[in-house]
Amino acid sequence: DSGVTQTPKHLITATGQRVTLRCSPRSGDLSVYWYQQSLDQGLQFLIQYYNGEERAKGNILERFSAQQFPDLHSELNLSSLELGDSALYFCASSVGAPTGELFFGEGSRLTVL
Amino acid sequence: GQNIDQPTEMTATEGAIVQINCTYQTSGFNGLFWYQQHAGEAPTFLSYNVLDGLEEKGRFSSFLSRSKGYSYLLLKELQMKDSASYLCAVSYGQNFVFGPGTRLSVLP
């Protein structure tokens, strides 16, 4: 158990819909990272937050947004969903310094039909 | 830009040794990580290198050459459970970027 909690574990929805994925980092970790992993693909970095502020942005679509709340949990919002958004979405946390390892949650598997 | 390369697939025999290579080009470097990922599961941390040289951790070792932008993960005494994807990741600035991963199949 990494200590990172993601909900929901599985989600099935239709094209055009909007979903919210939630992540609770390990106790004490200030940084939260979101990654997308499509079938048989690598981890694609979406966005990073540190103590409530956006720190780095990857190839995140405009239809996607995220935030980190004062209690340090984070939410990833995906809207106007398309078939190609079907993927595993991982949240990872770290203490903050980029020299520390990332601890991954179990992921949220999104299926868009 | 950031670029990390790894072989897509490798096959090895149970009990053997396998070396998975990783080359990287990043603007800035804080360290290099190796993660193991079984299909459909979360990546788990294997090793971390920040200085040149070899880091040994049981059956797994990782090597780094910063001047060459090169690392490898060495797996000894392969077991069937080592069949997984192995991800090379570089930490730079405030970010971690992952390579495409190498899918290792261990055959009996």
Side-chain angles (χ1 to χ4, degrees), chain A residues 1-7 9-10 23 25-26 29-51 53-60 68 86-111, chain B residues 1-9 20 22-24 26-51 55 57 60 62 64 66 71 73 83-105:
Chain A
D1 182 4
S2 68
V4 179
T5 304
Q6 287 189 250
T7 57
K9 286 188 170 43
H10 300 276
C23 170
R26 285 190 329 152
D29 284 358
L30 300 178
S31 275
V32 168
Y33 300 75
W34 286 98
Y35 289 88
Q36 179 194 55
Q37 188 173 43
S38 301
L39 191 62
D40 293 333
Q41 299 294 311
L43 288 166
Q44 298 299 317
F45 171 67
L46 295 178
I47 199 163
Q48 183 222 349
Y49 284 85
Y50 175 81
N51 203 21
E53 293 189 4
E54 181 185 306
R55 276 290 176 93
K57 216 168 186 176
N59 295 323
I60 187 168
Q68 187 180 29
S86 295
L88 256 176
Y89 290 84
F90 285 106
C91 167
S93 74
S94 71
V95 171
T99 54
E101 68 182 272
L102 293 182
F103 295 88
F104 283 83
E106 293 185 354
S108 293
R109 181 174 294 281
L110 173 66
T111 302
Chain B
Q2 323 302 331
N3 190 48
I4 300 180
D5 284 321
Q6 303 178 235
T8 304
E9 293 189 22
I20 302 174
C22 169
T23 58
Y24 65 91
T26 58
S27 53
F29 179 85
N30 295 322
L32 188 139
F33 296 78
W34 284 95
Y35 283 81
Q36 181 191 59
Q37 186 181 26
H38 286 98
E41 297 183 9
T44 54
F45 170 77
L46 289 178
S47 70
Y48 169 59
N49 294 71
V50 63
L51 299 175
E55 293 284 339
K57 207 174 182 181
F60 292 14
S62 57
L64 174 67
R66 289 172 296 171
S71 174
L73 179 70
S83 292
S85 288
Y86 291 85
L87 312 177
C88 171
V90 173
S91 166
Y92 68 97
Q94 296 294 323
N95 202 352
F96 288 81
V97 63
F98 282 80
T102 298
R103 185 178 302 176
L104 174 66
S105 298

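Protein chains get the first letters and strands the later ones, always in sequence-line order, with residue 1 at the start of each.
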For A:Lys57, does the NZ atom sit with more than 12 other heavy atoms under 6.0 Å from it, leaving out its own atoms?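 Not more than 12 within 6.0 Å, no.
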
Go through the steps to decide whether A:Tyr33 and A:Phe45 satisfy the test side chain to side chain contact (heavy atoms under 4.5 Å, CB included), and finish with yes or no. CA-CA 8 Å; A:Tyr33 300 75; A:Phe45 171 67; 4.0 Å; yes

Under 4.5 Å to a heavy atom of chain A? For B:Pro100 that would be backbone

Could you tell me which portion of B:Gln6 (side chain, backbone, both or neither) has an atom closer than 4.5 angstrom to a non-hydrogen atom of chain A? neither

Side chain proximity check, A:Glu54 to A:Ile47, heavy atoms < 4.5 angstrom: yes

Interchain contact, [X] with chain B, by part (heavy-atom threshold 4.5 Å):
X	result
A:Gln37	side chain
A:Leu43	both
A:Leu102	both
A:Gln48	side chain

Sub-6.0 Å ring centroid separation between B:Tyr92 and B:Phe29: no

Salt bridge (charged side-chain N to carboxylate O under 4.0 Å, His left out) with B:Arg66: which residues, sequence neighbours excluded? B:Asp52

